[in-house]
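All remarks here apply to the structure that follows.
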Amino acid sequence: MYKRQAKFYNLPNGRYRVVQPYRLGSETGETEYAAAEFILEDRPQKGFALDTQPIPEQYAGAQATEGVTLELDEYSFGGSFFGYKLINDTDYDLTLDREGYIQVLLDGEWQNVVFPGDHDLPIEGEVLKAHAQVSKSMSCDALPIGKYRVFYGFMLKDSTVGYVSAEFEIAQNEQ
């Protein structure tokens, strides 16, 4: 059995068909098609325009870490990037996650916003030295009205997981 996985973003409720061509016999054989249909109903985003997913499990019990702050630099409403600065005012180094997240508050719970074209980054996280800071940015699409935060996770020397976040709100879309 051959399995293939695909990701779909921002599909509205409806009926869909996935079709895969294949050849009978050799490469010169007749082309046939396999199809599967599915119905998408009751989007988990409850009306939110972008796909979301739960916060990664490792942060379920994590606490914000005193002395580590995140300052928002710039949000481009055209949908190009979001800039921020991570500041480590502690006496210990932090091993940063590979990437930060933009999260939206939906039904009282924070959810990671998934942007089309999201991709995995290198596995190694960079180290943010004690009493240092680093400026970062992430690509994103235009965000609809809502309450958001930039979320960045890290690991301390004793393998404790921590995070830092900064909230912001979009009351109206700017063009």
Side-chain angles (χ1 to χ4, degrees), residues 5-16 38-90 94-123 125-128 132-156 160-175:
Q5 183 177 4
K7 293 182 181 182
F8 299 98
Y9 297 95
N10 301 320
L11 292 176
N13 289 338
R15 180 180 211 142
Y16 296 89
F38 63 96
I39 296 173
L40 183 61
E41 295 179 330
D42 192 25
R43 297 289 301 202
Q45 292 79 15
K46 299 179 181 154
F48 187 68
L50 300 170
D51 284 335
T52 62
Q53 57 188 212
I55 295 173
E57 277 186 40
Q58 73 260 31
Y59 298 113
Q63 299 291 318
T65 303
E66 190 172 327
V68 182
T69 55
L70 189 146
E71 292 179 1
L72 303 180
D73 289 337
E74 185 174 353
Y75 170 62
S76 168
F77 281 92
S80 59
F81 71 94
F82 201 112
Y84 54 97
K85 187 182 306 179
L86 291 165
I87 304 165
N88 180 5
D89 281 331
T90 69
L94 308 173
T95 301
L96 302 176
D97 278 0
R98 297 178 296 159
E99 59 187 326
Y101 300 98
I102 293 180
Q103 298 177 335
V104 61
L105 188 62
L106 296 174
D107 295 329
E109 292 186 25
W110 291 105
Q111 295 277 315
N112 288 344
V113 178
V114 179
F115 298 105
D118 275 358
H119 59 284
D120 290 332
L121 300 173
I123 292 175
E126 70 181 284
V127 173
L128 180 56
Q133 62 185 14
V134 63
S135 292
K136 294 186 162 290
S137 66
M138 67 178 82
S139 296
C140 67
D141 290 337
L143 297 169
I145 294 170
K147 186 171 185 175
Y148 297 90
R149 71 180 182 180
V150 173
F151 179 98
Y152 214 99
F154 52 84
M155 187 178 297
L156 305 173
T160 303
V161 175
Y163 75 88
V164 62
S165 65
E167 295 182 13
F168 63 99
E169 190 165 346
I170 297 177
Q172 62 182 350
N173 289 334
E174 296 180 12
Q175 298 301 326

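All values below were derived from every heavy atom in this structure, side-chain atoms included, with hydrogens, water molecules and symmetry-related copies excluded.
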Fill in: Given Y101, W110, Y163, the one that forms side chain to side chain contact (heavy atoms under 4.5 Å, CB included) with I55
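Between I55 and the candidates, side chain to side chain contact (heavy atoms under 4.5 Å, CB included) is satisfied uniquely by W110.
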
Worksheet item: Under 3.5 Å, is there a donor-acceptor pair linking the side chains of Q53 and N112?
Response: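 No pair is found: no donor N or O on one side chain lies under 3.5 Å from an acceptor on the other.
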
Could you check if a side-chain atom of [X] sits within less than 4.5 angstrom of a side-chain atom of [Y], using non-hydrogen atoms only?
X	Y	answer
V104	T52	yes
V68	T90	yes
L70	Y152	yes
K136	L86	yes

Worksheet item: Does E169 pair with R149 as a salt bridge, N-O distance under 4.0 Å?
Response: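 Not counted as a salt bridge, because no side-chain N and carboxylate O are separated by less than 4.0 Å.
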
Roughly how far, to the nearest 0.5 Å, is [atom2] of [Y] from [atom1] of [X]?
X	Y	atom1	atom2	answer
Y148	I102	OH	CD1	9.0 Å
T69	Q133	OG1	CD	8.5 Å
L72	F168	CG	CZ	6.5 Å
Y84	S137	OH	OG	7.0 Å
L96	N88	CG	CG	8.5 Å
I145	I170	CD1	CD1	8.5 Å

Practice prompt. Report the C-alpha separation of L94 and M155 in whole Å, then their side-chain angles, then the decisive distance to 0.1 Å, and conclude whether the side chain to side chain contact (heavy atoms under 4.5 Å, CB included) test is met.
Written response: CA-CA 6 Å; L94 308 173; M155 187 178 297; over 6 Å; no

Discussion item. If you apply the rule side chain to side chain contact (heavy atoms under 4.5 Å, CB included), what do you find for E126 with V134, and how did you get there?
Written reply: CA-CA 10 Å; E126 70 181 284; V134 63; 4.1 Å; yes

Practice prompt. Step through the shown structure and confirm whether more than 12 heavy atoms of other residues, nucleotides or ligands are within 6.0 Å of CD on E167.
Written response: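 More than 12 within 6.0 Å, yes.
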
